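Input: a single structure, listed below in structure tokens.
Lettering follows sequence order; numbering is per chain, from 1. Since the model is a prediction, treat every value here as computed from it, not as a measurement.
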2 protein chains.
Amino acid sequence: MTDAFSAAAEPTRRRILQLLAASPRTVNEIAAEFTSTRSAISQHLLLLAAVGLVEAEKVGRNRIYRVQPDGLRRLQAEIDRFWTHELDLLVADAHTLAASRPTSHSATDKDSR
Amino acid sequence: MTDAFSAAAEPTRRRILQLLAASPRTVNEIAAEFTSTRSAISQHLLLLAAVGLVEAEKVGRNRIYRVQPDGLRRLQAEIDRFWTHELDLLVADAHTLAASRPTSHSATDKDSR
DNA sequence: CGAATGCGTTAGTCATGACTAACGTATTTC
DNA sequence: GAAATACGTTAGTCATGACTAACGCATTCG
């Protein structure tokens, strides 16, 4: 697991990143948002730190984790590189198709979201 | 593995999606781009089809895979939902910081990429 | 009709990731 | 200084995913 894309894709880590983006937190504060143990969350945090998506600041006996903006920018670059021109065109096609065929299954599917 | 985000994050599947976005292909044509067996690629394709990111059209004894634009749109929506307002702000900060502190560690780190 | 081709399927292996429990360490509190 | 707190660390389990090999089915070709 060396790339930020794969690291950020895991559902638990996605939530962690969103929590930390809202505001930096300690490990216990983060773990309080989940049902699994603090150890599990700590390991997720260490992984996120290993790929440079978060960083920790030790203050007293606490470790305050925060998102690392530069790592986040790398993640965005990875996603952008994946989201090639062709993919973009296909999505655009999906939009126009959904607009022109409002009664198709894709349109109802869109409503349910 | 039910969400498109996790499914698309796997490196091999990322490449498959990009290949299919450029143009639809048969399983053998796709497998030719990789070192692993056709079976492995086929299973990746079935997984991608299961989450609705690709679809197959049977023509003769070939199965032509193509990206499913609607599924791709769902993936984009998932990524957008992950990429919250806060994450966006942090990335914007990274940009301005990189511009204002070109000699900082983050700037040299950027150069090495 | 028999051989070859294109794929999906299945079984089984191997590596890896997510997790818990127990422990060790630094720091604060009393 | 002893207990409590906040972590990281380690070991070990369990589930899952990536993969190969072998097989089966349909389709095309000779």
Tell me: CG of B:Leu47 to P of D:dC19, nearest whole Å?
-> 12 Å
For C:dG6, does OP1 or OP2 lie under 4.0 Å from any side-chain N or O of B:Thr26?
-> no
Phosphate oxygens OP1/OP2 of C:dC7: is one of them under 4.0 Å from a side-chain N or O of B:Asn28?
-> yes
Touch class at under 4.0 angstrom, heavy-atom based, for B:Gln43 against every strand present | base
Any N/O donor-acceptor pair, B:Arg38 side-chain to C:dG8 base, under 3.5 Å | yes
For A:Ser36, which contact category applies under a 4.0 Å heavy-atom criterion: base, sugar-phosphate, or nothing?
-> sugar-phosphate
Which whole-number value in Å describes the distance from B:Arg13 CZ to D:dC19 C1'?
-> 12 Å
Presence of A:Asn62 side-chain N/O under 4.0 Å of D:dA6 phosphate oxygens OP1/OP2 = no
Does B:Glu33 offer a backbone N or O that forms a donor-acceptor pair with the side chain of B:Arg15 under 3.5 Å?
-> yes
Atom pair distance, as rounded to whole Å: CD in B:Glu57 and C1' in C:dG6 = 15 Å
Of the listed D:dG8, D:dT27, C:dT28, the closest approach to the A:Leu46 side chain comes from D:dG8
Considering only side-chain heavy atoms of B:Val27, which listed nucleotide, C:dA18, D:dA4, C:dG8, is closest?
-> C:dG8
Check whether any side-chain heavy atom of B:Ile41 lies under 4.5 Å from a side-chain heavy atom of B:Tyr65, and answer yes or no.
-> no
A:Phe34 near the nucleic acid: base, sugar-phosphate alone, or nothing, with a heavy-atom cut-off under 4.0 Å?
-> nothing
Please report, rounded to the nearest Å, how far the C1' atom of C:dC7 is from the CG atom of B:Leu45.
-> 11 Å
Salt-bridge test for A:Glu57 and A:Arg63: reply yes if a basic N is under 4.0 Å from a carboxylate O, no otherwise.
-> no
Rounded distance (Å) that lies between atom C1' of D:dC7 and atom CD1 of A:Ile64 | 13 Å
Distance-only, no hydrogens or angles: does the B:Arg25 side chain make a donor-acceptor pair with backbone N or O of B:Leu19 under 3.5 Å?
-> yes
If you pin A:Tyr65 and B:Thr37 to their nearest nucleotides in DNA chain D, which one's is more 5'?
-> A:Tyr65
Can you find a donor-acceptor pair, distance only, under 3.5 Å between A:Ser39 side chain and C:dA21 base?
-> yes
Report yes if a side-chain nitrogen or oxygen of B:Ser42 is closer than 4.0 Å to either non-bridging phosphate oxygen (OP1 or OP2) of C:dG8; otherwise report no.
-> yes
Minimum-distance nucleotide to A:Ala40 side chain [options: C:dC7, C:dT27, C:dT20] | C:dT20
Determine whether B:Leu20 and B:Ile30 make a side-chain contact, defined as any pair of heavy atoms from C-beta on separated by less than 4.5 Å.
-> yes
Value in whole Å for how far the C1' atom of D:dA18 lies from CZ of B:Arg14 = 15 Å
Taken to the nearest whole Å, CD1/A:Ile30 to P/D:dA6 is 14 Å
Nearest-angstrom distance from the residue atom CZ of B:Arg61 to P of D:dT27 = 11 Å
Sorted by position of nearest nucleotide on DNA chain C, 5' first, the leading residue of A:His44 and A:Val59 is A:His44
Is a salt bridge present between B:Asp3 and A:Arg14, judged by a nitrogen-to-oxygen distance below 4.0 Å?
-> yes
